[in-house]
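This report concerns only the one structure given below.
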Amino acid sequence: MEFHAEGCGLGGRLEPDLDKNVAALRAALGDGSDVVFHEFRFGPGRGCRGAVIYLMGLVDRESVHRDILRALMFDAEGVSADALERIDIQGVQQRLLSATDVRSRTEMGPIVDDILSGFVAVLIDRAAGGLVVNAKQWASRPVDEPKTERLVRGPRVGFTEDIAVNTAMLRRIIRDPGLRVETVTIGSRTRTKVSLVYLQQSARPGLVSEVRRRLASIRIDAVLESGYIEQQIEDSHWSVFATVANTERPDKAAAKILSGRVAILVDGSPAVLTVPALFVESFQTAEDYYSRPLYVGTVRMLRLLSYSLSVISPAAYVALTTFHQELIPTPLLITIATGVERVPFPALVEAGIMVVIYEILREAGIRLPQPIGTSISLVGALVLGQAAVAAGLVSPLMIIVVSLTAIASFAVPAQADSIALLRYLFLVLAGLAGGFGIIMGLLVVLIHLGSLRSFGEHFLAPIAPPRRGLLTDVFVRAPLPSQEMGVPVQEESGE
């Protein structure tokens, strides 16, 4: 099933005159070096004229010669001249072409769209309409393990930039006739294909309709990555928490589809979006369902602890050393005082400087080539940390706190954006009001989380509102025979 969110703006019907149609396509596509206009003759005595139009680099030229040109120019020799005189474009498709994926077109706009998407246009003189043949072939990355979601146990395949390959991987996992794939074209310039994938028996009709509506309402020139779609359809644009999940793992996307969610695939992006998204899913991985439940429960609690440490640790250090020294044991307090006696900055400024330096090192390590980025991260952390302590700019305990914060943030990569922003928020609140500021900040964040929705689903579900039957797969995981896969979206969820 295919529906279009935007039109290309090129109208007009194809005419029976081949020269006029070719001229119109030349005007629309230009005379670039990659645009191929090949005219040929076929039939008895080569009395019929035709033309193929395609873009080099997007089609398999061997398929063009084998399934189109040879079929028309040589296989049509056995067709009588009278039959060719009476044949229409459907007759050419059914009797002369040997290609399997052939579609008829009567409008100029759809033909231009198809050519830009990698189809080959076939025009016949004196025939009303034209044909487009699927002969797509372009360079693409092979299926490989996603580098951002590695597992110890589990499939070693990940999504690629080809939407057809990604759809096939989901079909391979979910061999159910109820699996539906709908395609929408978004972007007036890029004409990017975006596919909705859902299981008809599991997904709520209201959810599917809402996803269709939001995609159809997008008005944008270009879609270069799935992040463009995510920001257009999310519920809360100004929230630090993402209400649209993403994954590069087919098994993870398939598990969410089986639990009633809708997957959104974008051509050119290996990141597949899934909606609705739940906060607790940030602490879950696909490997959780391949391992023993007791171990999984322990690891999930460690992820929750890591998330808390990565957000609160610098703020807690500032609050304790500035406002609540009486809560620190005396031996530890003496050690801290010895370390900070040469530091000229207050604890808030000291923590702020180190957190900013860490974010700079992390960003540099990501953007630079991998060998250089790794060296920069290691050398920067060791040299700058040691030099800062030796110069008396920061205390040794602050280096430990920031290092613990950095390491803990890697345990929950799905919340990396919110961790970085909330860390600054709590740091400022701790510097202004100590522990009271941290508590007030936690209350504000919890209220905000409780108010968030993701396509009608509570973002904190199944914790708030509580759903007793689903709490067996939140921070701990019960054995698989006693629960459903993942955290299913419930029918009673508000729209």
Side-chain angles (χ1 to χ4, degrees), residues 1-5 159 163-164 166-186 193-218 226 229-230 232-236 242-267 269 271-282 284 286 288-289 414 452-463 465 467 469-470 472-474 480 483-495:
M1 179 177 182
E2 183 170 352
F3 59 100
H4 293 267
F159 289 119
I163 193 172
N166 295 342
T167 305
M169 283 193 281
L170 291 176
R171 288 279 189 188
R172 181 184 177 188
I173 298 174
I174 307 176
R175 302 174 186 180
D176 190 304
L179 187 67
R180 296 290 181 261
V181 179
E182 303 177 9
T183 302
V184 53
T185 303
I186 302 178
K193 285 189 174 182
V194 179
S195 292
L196 282 70
V197 184
Y198 61 94
L199 197 59
Q200 192 174 31
Q201 301 93 321
S202 301
R204 290 183 290 111
L207 171 62
V208 177
S209 300
E210 179 63 15
V211 175
R212 286 198 199 106
R213 184 191 68 80
R214 296 193 190 187
L215 290 177
S217 65
I218 295 177
S226 60
I229 301 298
E230 176 182 350
Q232 293 284 337
I233 65 175
E234 63 184 352
D235 289 73
S236 302
T243 54
V244 177
N246 67 84
T247 181
E248 293 186 26
R249 299 195 61 86
D251 55 336
K252 187 175 180 180
K256 292 191 176 184
I257 292 173
L258 290 169
S259 63
R261 288 159 176 75
V262 175
I264 302 173
L265 285 65
V266 180
D267 195 20
S269 173
V272 170
L273 308 177
T274 57
V275 293
L278 304 179
F279 180 68
V280 296
E281 291 176 336
S282 303
Q284 302 170 352
D288 290 353
Y289 300 93
L452 288 179
R453 299 289 186 276
S454 178
F455 285 79
E457 182 69 25
H458 294 275
F459 190 56
L460 280 183
I463 301 173
R467 294 172 186 165
L470 302 181
T472 56
D473 188 25
V474 181
L480 288 180
Q483 57 146 3
E484 296 289 337
M485 180 179 295
V487 181
V489 180
Q490 295 300 291
E491 186 69 36
E492 64 267 23
S493 300
E495 291 296 333

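Computation of the quantities below employed the complete heavy-atom set of this structure, encompassing side-chain atoms and omitting hydrogens, waters and symmetry-equivalent molecules.
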Item to check | Any side-chain heavy-atom pair of Arg261 and Glu281 under 4.5 Å | outcome: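 A side-chain contact exists here, since the closest heavy-atom pair is under 4.5 Å.
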Which atom names give the shortest non-hydrogen contact between [X] and [Y], and what distance separates them?
X	Y	value
Ala254	Leu170	N-CD2, 4.1 Å
Val474	Pro462	CG2-CG, 3.6 Å
Arg249	Ala286	NE-CB, 4.4 Å
Arg171	Asp176	NH1-O, 4.3 Å
Leu215	Leu196	CD1-CD1, 3.0 Å
Ser226	Ala271	OG-O, 3.1 Å

Going from [atom1] on [X] to [atom2] on [Y], what distance comes out if it is rounded to the nearest 0.5 angstrom?
X	Y	atom1	atom2	result
Ile264	Ile233	CD1	CD1	3.5 Å
Ile186	Ile229	CD1	CD1	4.0 Å
Leu258	Ile174	CG	CD1	4.0 Å
Arg453	Asp235	CZ	CG	9.5 Å
Lys193	Ile163	NZ	CD1	8.0 Å

Checklist entry - Testing Leu460, Ile463, Leu452 for side chain to side chain contact (heavy atoms under 4.5 Å, CB included) with Phe279, which one passes? => result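 Result: among Leu460, Ile463, Leu452, Leu460 is the only option passing the side chain to side chain contact (heavy atoms under 4.5 Å, CB included) with Phe279.
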Next on the checklist: Taking salt bridge (charged side-chain N to carboxylate O under 4.0 Å, His left out) as the definition, give me every residue that meets it alongside Asp288, ordered by chain and number, with sequence neighbours left out.
Outcome noted: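 Scan of Asp288 (salt bridge (charged side-chain N to carboxylate O under 4.0 Å, His left out), adjacent residues dropped) gives Arg300, Arg303.
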Next on the checklist: I'd like to check the salt bridge (charged side-chain N to carboxylate O under 4.0 Å, His left out) partners of Arg175; sequence neighbours left out, ordered by chain and number.
Outcome noted: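 Expected list: none.
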Taking side-chain contact (heavy atoms from CB on, under 4.5 Å) as the definition, give me every residue that meets it alongside [X], ordered by chain and number, with sequence neighbours left out.
X	value
Ser209	Arg212
Glu248	Pro146, Thr148, Glu149, Pro270
Arg180	Tyr198, Gln200

Checklist entry - Gln284 side chain to Asp473 main-chain N or O, any donor-acceptor pair under 3.5 Å? => result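 Looks like yes, one N/O pair under 3.5 Å.
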Item to check | Verdict with supporting geometry, Ile173 and Ile257, side-chain contact (heavy atoms from CB on, under 4.5 Å) | outcome: CA-CA 11 Å; Ile173 298 174; Ile257 292 173; over 6 Å; no
Next on the checklist: List the residues meeting side-chain hydrogen bond (donor to acceptor under 3.5 Å, both in side chains) with Thr243, not counting sequence neighbours, and say none if there are none.
Outcome noted: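 Per chain and number, Thr243 pairs via side-chain hydrogen bond (donor to acceptor under 3.5 Å, both in side chains) with no residue.
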